[in-house]
Novice: 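Before anything else, here's the structure in question.
Remember, predicted model here, so these are calculated numbers, not experimental data. Sequential numbering from 1 along the given sequence is applied to the chain's residues.
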Amino acid sequence: MREALEILTLAPREWPALFRVPRLWKVEALFGAFYLLRLPSWDIWLQTRHLSRPKEDFRFGETPYSAGLEILQEARVGPHDVFYDLGAGKGKMTFLATLATGCRAVGMEMLASYPLIARRIVGALRLEGRAEFQHADFLKADLGEATVLYAAASSWSQATRELLLERVAGLTPGTRWISVGWECRHPALELVSARRLLFSWGRDNAWFYRVRASERAHPAIAENPEGPTSPPDGGSDQG
C-alpha cells in the first residue's frame, strides 16, 4: 500500500529536479507536447510487432528524475564522462545526465519513434554535441566509448541480460556499469555500491559496478538464477 501511494505521488517528487536542473523543465514540456496524443502501450505494440527480441524487453517504464539524480551522484558522473543509456525510451535519463552533469550522453533505443522525437528536442534546446540519440540495438552497437553504462533492466529477459553481460569484455577498465533490477554476475565487474530507489514501477535496486583492469577478458557468468536480491551490506536502502 505504501509503495502504491509513493508511485501515485511520484509527480510532485519530480518538481525539485525540474527546477534544480537548468532546462530540464523545457525537456519535460516538450515531452508533453510531442507525446500528448500517444498511448505508450499502443505505441510500443505497433513498433515491436516485427522485432525478434523478447516482448518483455519493451515494457514501458521510466527512471524518474529524482531517482536519476541520485544515480548520477552515486556513480560520480561528471563533465568528462560519456554516458550511455541502454534502452533509452523517450530519453529522460539521457537528457538528465547531460543537463545535470555536463557529460556527453548517448541514448540507444530500438523503437524508431523515440530517438526521432528525442532528436527534435535536442535541436530545439540546442544540445547538439552533448546529447545524442541512436536508433540502435545496444546488443550489437559499439559501447567502447562509454565511461558510464546505464541499464534499467528490471523487465528484460534473461537472454538479453546474458548477451549484454558478454559485452563487458570489450569495455575499458574503470568503466562504470549501473544496472537497475538486475544483480550482475561477471568476474570483470566489481560491485561498488547499491541503492534502493523509487521508479515508475515501484521501488527497485540500483547496482553500481566498475570494470576491473585485470579480468576484462573473462567470459560472462549467468546472473543469480534465483533472481535479483536485496542490496549487499554497505548498500543504502532508501525505503
Side-chain angles (χ1 to χ4, degrees), residues 10 13-31 34 61-111 114-136 138 141-154 164 167 171-172 174-182 192-195 197-200 204-211 238:
L10 189 56
R13 295 169 185 262
E14 298 291 80
W15 295 341
L18 287 173
F19 294 101
R20 170 184 165 190
V21 179
R23 293 195 286 175
L24 189 59
W25 69 268
K26 294 183 179 180
V27 171
E28 194 63 21
L30 288 168
F31 279 153
F34 281 116
E62 292 184 320
T63 301
Y65 296 128
S66 51
L69 286 174
E70 293 192 53
I71 288 169
L72 294 170
Q73 182 178 14
E74 184 74 15
R76 299 184 179 181
V77 180
H80 301 294
D81 281 310
V82 180
F83 181 93
Y84 271 43
D85 184 5
L86 307 184
K90 293 193 300 185
K92 288 187 69 166
M93 192 65 181
T94 309
F95 282 113
L96 178 65
T98 192
L99 291 175
T101 72
C103 72
R104 187 164 74 84
V106 178
M108 289 189 174
E109 176 56 53
M110 288 185 67
L111 304 186
Y114 290 131
L116 178 64
I117 292 174
R119 289 179 198 135
R120 294 176 183 172
I121 297 175
V122 168
L125 298 183
R126 298 182 180 180
L127 291 173
E128 294 90 347
R130 294 182 56 189
E132 175 186 342
F133 289 88
Q134 300 178 7
H135 177 211
F138 56 77
D142 182 4
L143 305 178
E145 181 189 25
T147 62
V148 184
L149 285 167
Y150 179 68
S154 293
L164 181 57
R167 308 299 306 278
L171 299 178
T172 303
T175 300
R176 281 147 286 169
W177 175 291
I178 308 164
S179 64
V180 175
W182 171 31
V192 177
S193 62
R195 302 286 298 274
L197 302 168
L198 182 63
F199 296 87
S200 66
D204 213 338
N205 297 330
W207 306 84
F208 299 82
Y209 301 89
R210 190 177 297 273
V211 177
Q238 300 298 300

Novice: If you compare all heavy atoms of Leu24 against all heavy atoms of Ala17, which two are closest, and at what distance to 0.1 Å?
Specialist: CD2-O, 3.6 Å
Novice: Heavy-atom distance under 4.5 Å between the side chains of Thr175 and Leu143, does that happen here?
Specialist: no
Novice: Which heavy-atom pair separates Val77 from Cys103 by the least distance, and what is that distance?
Specialist: CG1-SG, 4.0 Å
Novice: To check you understand the geometry: which heavy-atom pair defines the closest contact between Leu69 and Val21, and what is its length?
Specialist: CD2-CG2, 4.0 Å
Novice: Report the C-alpha separation of Val211 and Thr172 in whole Å, then their side-chain angles, then the decisive distance to 0.1 Å, and conclude whether the side-chain contact (heavy atoms from CB on, under 4.5 Å) test is met.
Specialist: CA-CA 7 Å; Val211 177; Thr172 303; over 6 Å; no
Novice: Taking the six-membered ring where the residue is Trp, are the ring centres of Phe133 and Phe95 under 6.0 Å apart?
Specialist: yes
Novice: Please round to the nearest 0.5 Å and tell me the distance separating atom CG of Leu116 and atom CG of Leu111.
Specialist: 12.5 Å
Novice: Has Arg167 got a side-chain atom pairing as donor or acceptor with Phe138's backbone, closer than 3.5 angstrom?
Specialist: yes
Novice: Can you name the ring-ring contact (aromatic ring centres under 6.0 Å, His included) partners of Tyr84, sequence neighbours left out?
Specialist: none
Novice: Does some side-chain heavy atom of Leu171 sit less than 4.5 Å from a side-chain heavy atom of Trp177?
Specialist: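 Yes - at least one pair of side-chain heavy atoms lies under 4.5 Å apart.
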Novice: Mind checking side-chain hydrogen bond (donor to acceptor under 3.5 Å, both in side chains) for Gln73 and listing every partner two or more places apart, or none if nothing turns up?
Specialist: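 So Gln73 forms no side-chain hydrogen bond (donor to acceptor under 3.5 Å, both in side chains) with any residue.
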Novice: Would a distance-only check, ignoring hydrogens and angles, find a side-chain to backbone donor-acceptor pair under 3.5 Å from Thr94 to Val106?
Specialist: no
Novice: Would you mind reporting whether Met93 and Leu72 have side-chain heavy atoms less than 4.5 Å apart?
Specialist: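 Result yes, sub-4.5 Å side-chain heavy-atom pair found.
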Novice: Considering non-hydrogen atoms only, spot the tightest contact between Glu62 and Lys90 and give its length.
Specialist: OE2-CE, 2.7 Å
Novice: Do the side chain of Glu14 and the main chain of Tyr65 share a donor and acceptor less than 3.5 angstrom apart?
Specialist: yes
Novice: With side chains defined as the heavy atoms from C-beta onward, is the minimum distance between Val148 and Tyr150 less than 4.5 Å?
Specialist: no
Novice: With side chains defined as the heavy atoms from C-beta onward, is the minimum distance between Ser193 and Glu74 less than 4.5 Å?
Specialist: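 Yes, side chains in contact.
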Novice: For residues Ser154 and Trp182, determine if any side-chain heavy atom of one lies less than 4.5 Å from a side-chain heavy atom of the other.
Specialist: no
Novice: Donor-acceptor pair, distance only, cut-off 3.5 Å: does the side chain of Glu109 make one with the backbone of Gly89?
Specialist: yes
Novice: Is a donor on one side and an acceptor on the other found under 3.5 Å between the side chain of Thr63 and the backbone of Gly68?
Specialist: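 Looks like no, no N/O pair under 3.5 Å.
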Novice: How would you list, by chain and number, every residue that makes a salt bridge (Lys or Arg N to Asp or Glu O under 4.0 Å) with Arg176, sequence neighbours excluded?
Specialist: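 Applying salt bridge (Lys or Arg N to Asp or Glu O under 4.0 Å) to Arg176 gives Asp81.
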Novice: If only atom types and distance count, is the side chain of Arg23 paired as donor or acceptor with the main-chain N or O of Leu125 below 3.5 Å?
Specialist: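 It does hold such a pair.
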Novice: Closest heavy-atom contact between Ser179 and Tyr209?
Specialist: OG-CE1, 3.8 Å
Novice: Check Met108 against Ala141 and note the closest heavy-atom contact, atom names and distance.
Specialist: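 Residues Met108 and Ala141, closest heavy atoms: CE-CB, 3.5 Å.
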Novice: Would you check, one step at a time, whether the test side-chain contact (heavy atoms from CB on, under 4.5 Å) holds for Leu127 with Leu99?
Specialist: CA-CA 9 Å; Leu127 291 173; Leu99 291 175; 4.0 Å; yes
